[in-house]
Structure formats: structure tokens, C-alpha cells
Amino acid sequence: GINSLTTVSDYAFNNTPKLNSVDLGKVTSIGCSAFKNSGVGAALMPKLSSIDDSAFSGSQITKVDVGSITEIPSYCFENCVNLVSFQSDAMFNSVGNGAFNKCSLLESFRINEKEILNSEGRFDLSGVITIGEKAFGGNLSIKSVYIPSSLTKITCNPFEYCRNLECFESDSNNYIVRDKCLYEMDKVRTLVCGVKNGTISTEWLRTEKDGNKYPSKIIIGNSAFRGIPLIGMDFPIIVELVEEYAFIDSGLQYYTWTAL
């Protein structure tokens, strides 16, 4: 028959593990947890303009193709362990908390026909303004991340448990890269996102001291190295605070203190 479905409301198909196929071709709006824990295997939504929190969380979805949406809400595709491919007609401004958390197999990420997560594992976030905690947690394809000038806010660590993440690049005035790790630019420097076998550089601290930009202290941020493989860590003496979950599940075996 003719499909006239344009809106799927909150919890409409929640916990329907045997529902493996659904026609979303004309759908423009999907509500909170609408397909959470469903058996839906693919979501082709070319007319979609609005989607709410946890819409497909825990579903069996393997492929997502959406229209022009301005944000990926919190936990929208969290724990979609079979998700391999995501495509959107336009770049979104915001990625919410846990939006793609535990999507470990996600390897193809296309925006307007451009691969922003390429075959070499470089993740280009150009156009994104805000990213929430755990947004891309557990992704095994990401090896490097480009932080654009547009990005103004990162909440905690969006890349926790990204065990193959090796480095960051940044053109943002709000975030700086030192020894491949990402720091928030402030009077107090916070290491926001760590990398595989990452270190806290003392060289750049000396340089900034010589240039009268010596930070009063360094903070290892919430979940900074959470789930990121480490063996040992040297702490400069101006590390004054290690926040919650900073090194949980990192495999860290020891740390030492280093004088400047």
C-alpha cells in the first residue's frame, strides 16, 4: 500500500526486537526512543529534519542515511553495535552526549558525499560547534581527529575508549594540541582528550614559561584517558588535579613526577 507515515512519536516502536524492516522514506520527525532496542536493520530517511534523544539506541541498525538535520541528539545511536555506515546531506552543528557511543564498527561517515572519517582513520569535524561527552566513545576506526575553528565546546571526552586514537589536530582558538593530546585553552589548562600511549609534555610548558604564558596549573580532565591504552605516565609538577574517571580502564601501570 501507499506509505503516508511522516511522524514517529516517542517510544512508538520501543523494544520491538523482531521488527527488522520499516519504511521511513517520508518521515520528517522521529521522537524520543522511538526505535530503541528494535530490530530495525537500516534507516533510510531522506526527508528527516528532526530526531530526538535515544531514537535508535540499542537497535540492530547497520546503515543510517538522513536528510539535512542540524544536530545529532544525545544517545541517538548509542550502543548500535552493528552500525557501520552513517550518511547525512549536510553537516550538523551539534553532536550530543553519547550520540554514537559504543558504535565500535562505525567506519564510514559521509557528509554531503564527503568522507569525514576516511580510510586512514582521520576524522574531520569541520562545521561542528559543540560535542558532548562520549559522543564517539568506543569507535575503533578513529585514529586522528581534526578540531576545526568552528568548534567552541567539548564536554568531557567525546572519544573515550577509542583505543586506536593516536593524535589530534586543531585550528580552534579554544583548544590546543600538545604532544598529540588535546587541551582546553584557559588560564588553567585542562587536558580534555588523551591519546594512545599519550604523554603530558613538559617541553611546551617550558616554552610558555619563557614567553610569560606559564599556566598556574594543569588539570587532567574528566575521562581524559578513559579506555585509552597507556603503560606509564610522567606528571609535570604543576599537575594539581586529576578529575573523575581520568585513567579508568586505561591499563596504566605506573606514574612518576617530573620537575620542570
Side-chain angles (χ1 to χ4, degrees), residues 71-72 86 88 90-97 99-101 103-104 106-186 188-208 211 213 215 218-230 233-234 236 246 250:
E71 67 173 325
I72 307 294
F86 179 93
S88 174
M91 194 58 171
F92 29 80
N93 298 326
S94 174
V95 185
N97 295 339
F100 294 96
N101 188 34
C103 297
S104 60
L106 182 58
E107 61 181 7
S108 177
F109 213 115
R110 298 176 65 87
I111 304 296
N112 194 22
E113 300 301 321
K114 177 185 175 183
E115 283 279 8
I116 65 168
L117 176 56
N118 65 24
S119 59
E120 296 178 350
R122 185 178 188 269
F123 199 21
D124 184 346
L125 294 173
S126 294
V128 176
I129 298 174
T130 63
I131 303 178
E133 62 179 313
K134 305 180 183 179
F136 300 100
N139 185 290
L140 299 180
S141 295
I142 298 174
K143 294 182 179 179
S144 66
V145 178
Y146 170 67
I147 303 297
S149 58
S150 61
L151 202 150
T152 60
K153 182 61 178 176
I154 294 174
T155 303
C156 293
N157 186 357
F159 303 100
E160 62 178 50
Y161 291 96
C162 290
R163 297 185 180 277
N164 296 315
L165 179 57
E166 298 175 346
C167 65
F168 283 88
E169 310 166 48
S170 178
D171 284 328
S172 172
N173 291 327
N174 300 293
Y175 296 92
I176 189 172
V177 177
R178 288 293 183 268
D179 273 16
K180 303 179 182 180
C181 296
L182 190 69
Y183 291 78
E184 186 172 8
M185 292 288 288
D186 204 343
V188 176
R189 296 292 165 85
T190 300
L191 197 161
V192 180
C193 303
V195 297
K196 182 178 180 180
N197 296 323
T199 61
I200 303 171
S201 174
T202 56
E203 184 63 32
W204 74 278
L205 296 177
R206 293 192 186 99
T207 300
E208 294 209 351
K213 296 180 181 178
I218 294 289
I219 293 174
I220 310 299
N222 189 320
S223 302
F225 288 93
R226 187 172 190 172
I228 304 297
L230 295 171
M233 177 67 68
D234 292 329
S250 67

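The chain is numbered in sequence order, starting from 1.
- The distance from atom OG of Ser170 to atom OH of Tyr146, rounded to the nearest 0.5 Å, is 7.5 Å.
- Closest approach of Ser172 to Pro148, counting heavy atoms only: CB-O, 3.4 Å.
- What you find for Cys181 and Gly194 is that their closest heavy atoms are SG-CA, 3.9 Å.
- Listed for the Ser88 side chain is a donor-acceptor partner under 3.5 Å among the backbone atoms of Ala90.
- Applying the side chain to side chain donor-acceptor pair (under 3.5 Å) rule to Asp234 yields the partners Thr256; only residues at least two apart in sequence or on another chain are considered.
- Rounded to the nearest 0.5 Å, atoms CE (Met91) and CD1 (Ile129) are 10.5 Å apart.
- Residues satisfying the ring pair (Phe, Tyr, Trp, His ring centres under 6.0 Å) test with Phe109, not counting sequence neighbours, are Phe86, Phe100, Phe123.
- For Glu107, the side-chain contact (heavy atoms from CB on, under 4.5 Å) test picks out Val84, Ser141, with sequence neighbours left out.
- Remark: the backbone N or O of Val128 is paired with a side-chain donor or acceptor of Ser150 at under 3.5 angstrom.
- Remark: Glu115 engages Ser108, Arg110 in a side chain to side chain donor-acceptor pair (under 3.5 Å) (not counting sequence neighbours).
- With sequence neighbours excluded, the residues forming a side chain to side chain donor-acceptor pair (under 3.5 Å) with Ser126 are Asp124, listed by chain and number.
- Residues satisfying the ring pair (Phe, Tyr, Trp, His ring centres under 6.0 Å) criterion with Phe225, sequence neighbours excluded, are Phe247.
- The structure places CD1 of Ile131 at 10.0 Å from OG1 of Thr152, a figure rounded to the nearest 0.5 Å.
- Here the straight-line distance linking atom CG of Asn139 with atom SG of Cys103 works out to 8.0 Å at 0.5 Å rounding.
- Residue pairs meeting the salt bridge (charged side-chain N to carboxylate O under 4.0 Å, His left out) criterion with at least one member in residues 129-149: none, sequence neighbours excluded.
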> For Asn101 and Tyr161, what are the C-alpha separation, side-chain angles and deciding distance, and is it a side-chain contact (heavy atoms from CB on, under 4.5 Å)?
Replying inline: CA-CA 9 Å; Asn101 188 34; Tyr161 291 96; over 6 Å; no

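- For Asn174, the side chain to side chain donor-acceptor pair (under 3.5 Å) criterion is met by no residue, not counting sequence neighbours.
- Using a 4.5 Å heavy-atom threshold, the side chains of Phe92 and Ile111 count as touching.
- The CG atom of Leu125 sits 9.5 Å away from the CG atom of Leu117 when rounded to the nearest 0.5 Å.
- Each salt bridge (charged side-chain N to carboxylate O under 4.0 Å, His left out) pair with one or both residues in residues 148-177, not counting sequence neighbours, appears once here: Arg122-Glu169.
- The main-chain N or O of Ser223 is found under 3.5 Å from a side-chain atom of Asn157 such that the two form a donor-acceptor pair.
- To the nearest 0.5 Å, atom CG of residue Leu191 and atom CD1 of residue Ile176 are 11.5 Å apart.
- In this structure, the side chain of Ser250 does not engage the main chain of Leu230 through any donor-acceptor pair within 3.5 Å.
- At least one donor-acceptor pair under 3.5 Å links the side chain of Tyr175 to the backbone N or O of Ile154.
- Nearest heavy-atom pair across Ala246 and Gly221 is CB-O, 3.7 Å.
- Looking at every heavy atom in both residues, Ser94 comes nearest to Thr130 through OG-OG1, 3.1 Å.
- Side-chain contact between Leu182 and Val145: absent, with no pair of heavy atoms (C-beta onward) separated by less than 4.5 Å.
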